[in-house]
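Per chain, numbering begins at 1; letters A, B, ... match sequence-line order. Fair warning: this is a prediction, and the values are worked out from it, not measured in the lab.
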Number of protein chains: 2
Amino acid sequence: MAAQPKDNQEGRALIALRERILGGVLPGGTRLFEVPLAEEMRISRTPLRAAMSRLAEEGLLERARGGGFLVRAFTVADVIDAIELRGVLEGTAARLAAERGVPEERLARLAVLTAELDGCFQGATVDFERYSALNGAFHAALQHLPGSEILARELERTKTLPFASPSAFLPDETAHADFERSLAHAQAQHRALHEAIAAREGARAEAIAREHARLARRNLDHLIRNKAPGAPLSPALALVID
Amino acid sequence: MAAQPKDNQEGRALIALRERILGGVLPGGTRLFEVPLAEEMRISRTPLRAAMSRLAEEGLLERARGGGFLVRAFTVADVIDAIELRGVLEGTAARLAAERGVPEERLARLAVLTAELDGCFQGATVDFERYSALNGAFHAALQHLPGSEILARELERTKTLPFASPSAFLPDETAHADFERSLAHAQAQHRALHEAIAAREGARAEAIAREHARLARRNLDHLIRNKAPGAPLSPALALVID
DNA sequence: ATGGCCGATATTGTATACATGATCGTGAGG
DNA sequence: CCTCACGATCATGTATACAATATCGGCCAT
């Protein structure tokens, strides 16, 4: 998906920094000081700054006034807005695909993914790992379906935020009662989305994609309601401040 | 709107590069070589690279494989998609503003802008300069109306592309017959948009904002149809390759 | 007591030399 | 004639020293 970082100092700094940020080692709002960071990573400031610049491009860092970088901090409202935005953009991808038409072969690939997702429900218990991977592939395919580089790029940007990714808030396995029902509901939407696009029903496709993103918001709400005070919510929410 | 570059080497390089790119001196697809560029600008490669990195963030440059930067090239299809995307995002801003509600005072500021835009039509001839400036202000206000930092940021990003800005394809003054009629139509949509948001009519507000962006596409089509072969189309299209 | 000035120090900005790697032409071998 | 390998050249990647500036504390004047 995202271009693989090269095996050089900048690439290593990029990976290491991203890991620390997403892992919560560097919480939202933390200022990144170049000299200590560079020493700790055993590289010079130059590739470190290049890596920070790229992370700013990704939206994980922001530039501080007076120079330097901060780990970007998000509120719960931001998370909600990012999910909403993903829904809007995926809805647009779905609508444009329906309106403009999609080559038979690419539509078939989406159908294959949908069928494979169906397959996750065959066993006695849902294959969660496989569902999650296929879900990501389905959304990646959707992203490129209308063949718009501009739109695909913005969607990619949005999904880079850890809490806006389609797999960020899949239903919580701890909620056993609702777990399979919720996944089945999401999968029904996948099927309906494919059907609407194939039938060139743009408005329907858009509406379904938007509603589909709302599942993430619902699962987010569930996480927050069941929050143990002080306990971490979810890896996807490392950058979120209360 | 965009943060003012600082008065340092990086800031100067940023301004100079942006100017050359938007001015068409560096056409889409041009590779930027650091050494000659730095020499020409009388700065070292370090701040030049920092500036290029920021322009990549803006979407004006892209990273080349194997390192370095290219001036990003756009097709006419990209321009159409970017306008569509702006419509979608402005539509979302309008819808969320309507759904979530807007503080009275901010709505009043939008009303003032709308009234001032009306004022451009009072004289014998439309005050085009003033209309253009107020139009930009109206869209900037809309962008921040729902109070969503996430959405505002993406809209800002999209509008940074010169051909996706709300003022990029205002009707061409050379088409005298349609000129005032087209501006008046756009202004009617501004008024309707304000009205819909004030009345909390989210779906209507979204539809109006989308249709409003379509005016830009219409004017773009008009430009392309009347294109003199070989002649430059519009400053906004400097990065577009046929 | 408070406001603003000033300077010490911490931090980023810049230049530059050198290292690494990408690109492309050239030649030998198939 | 084509392909692949090699190496020269050129562009970017990296380290580091030095410059400029932001920040913050204390001090002075009001």
Q: Kindly point out which of C:dC18, C:dT23, D:dA15 is positioned nearest to the side chain of B:Arg45?
A: C:dC18
Q) Where the side chain of A:Thr46 is concerned, which of D:dA15, C:dT14, C:dT12 is the nearest nucleotide? A) D:dA15
Roughly, in whole Å, what's the span from [atom1] in [X] to [atom2] in [N]?
X       : N      : atom1 : atom2 : answer
B:Phe33 : C:dA22 : CZ    : P     : 16 Å
B:Ile43 : D:dA20 : CD1   : P     : 16 Å
B:Leu70 : C:dA22 : CG    : P     : 17 Å
B:Met41 : C:dA15 : CE    : C1'   : 17 Å
A:Glu34 : D:dA15 : CD    : C1'   : 14 Å
A:Arg12 : D:dT14 : CZ    : C1'   : 11 Å
A:Arg63 : C:dT11 : CZ    : P     : 19 Å
B:Arg65 : C:dA22 : CZ    : P     : 10 Å

Q. Does B:Arg20 come within less than 4.0 Å of B:Glu40, counting only side-chain N to carboxylate O?
A. yes
(Q) Are more than 12 heavy atoms, taken from residues, nucleotides or ligands other than B:Arg100, located less than 6.0 Å from that residue's CZ atom? (A) yes
Q.
If you assign A:Arg42 and B:Pro36 each to the DNA chain D nucleotide with the nearest heavy atom, which residue ends up on the more 5' nucleotide?
A. B:Pro36
Q) 5'-most contact on DNA chain D: A:Gly67 or A:Pro47, nearest heavy atom basis? A) A:Pro47
**Q.** Touch class at under 4.0 angstrom, heavy-atom based, for B:Leu48 against every strand present
**A.** nothing
(Q) For B:Phe74 and B:Phe163, I'd like to know if the aromatic rings sit close, meaning centre-to-centre distance below 6.0 Å. (A) yes
Q | Pair A:Glu156-A:Gln143, side chain to side chain contact (heavy atoms under 4.5 Å, CB included): steps then yes or no | A | CA-CA 8 Å; A:Glu156 180 64 37; A:Gln143 171 174 342; 3.2 Å; yes
Q) Going by the angle between their ring planes, with limits at 30° and 60°, are B:His212 and B:His139 parallel, tilted or perpendicular? A) parallel
Q | B:Ser44 side chain near C:dA15 phosphate (N/O to OP1/OP2, under 4.0 Å) | A | yes
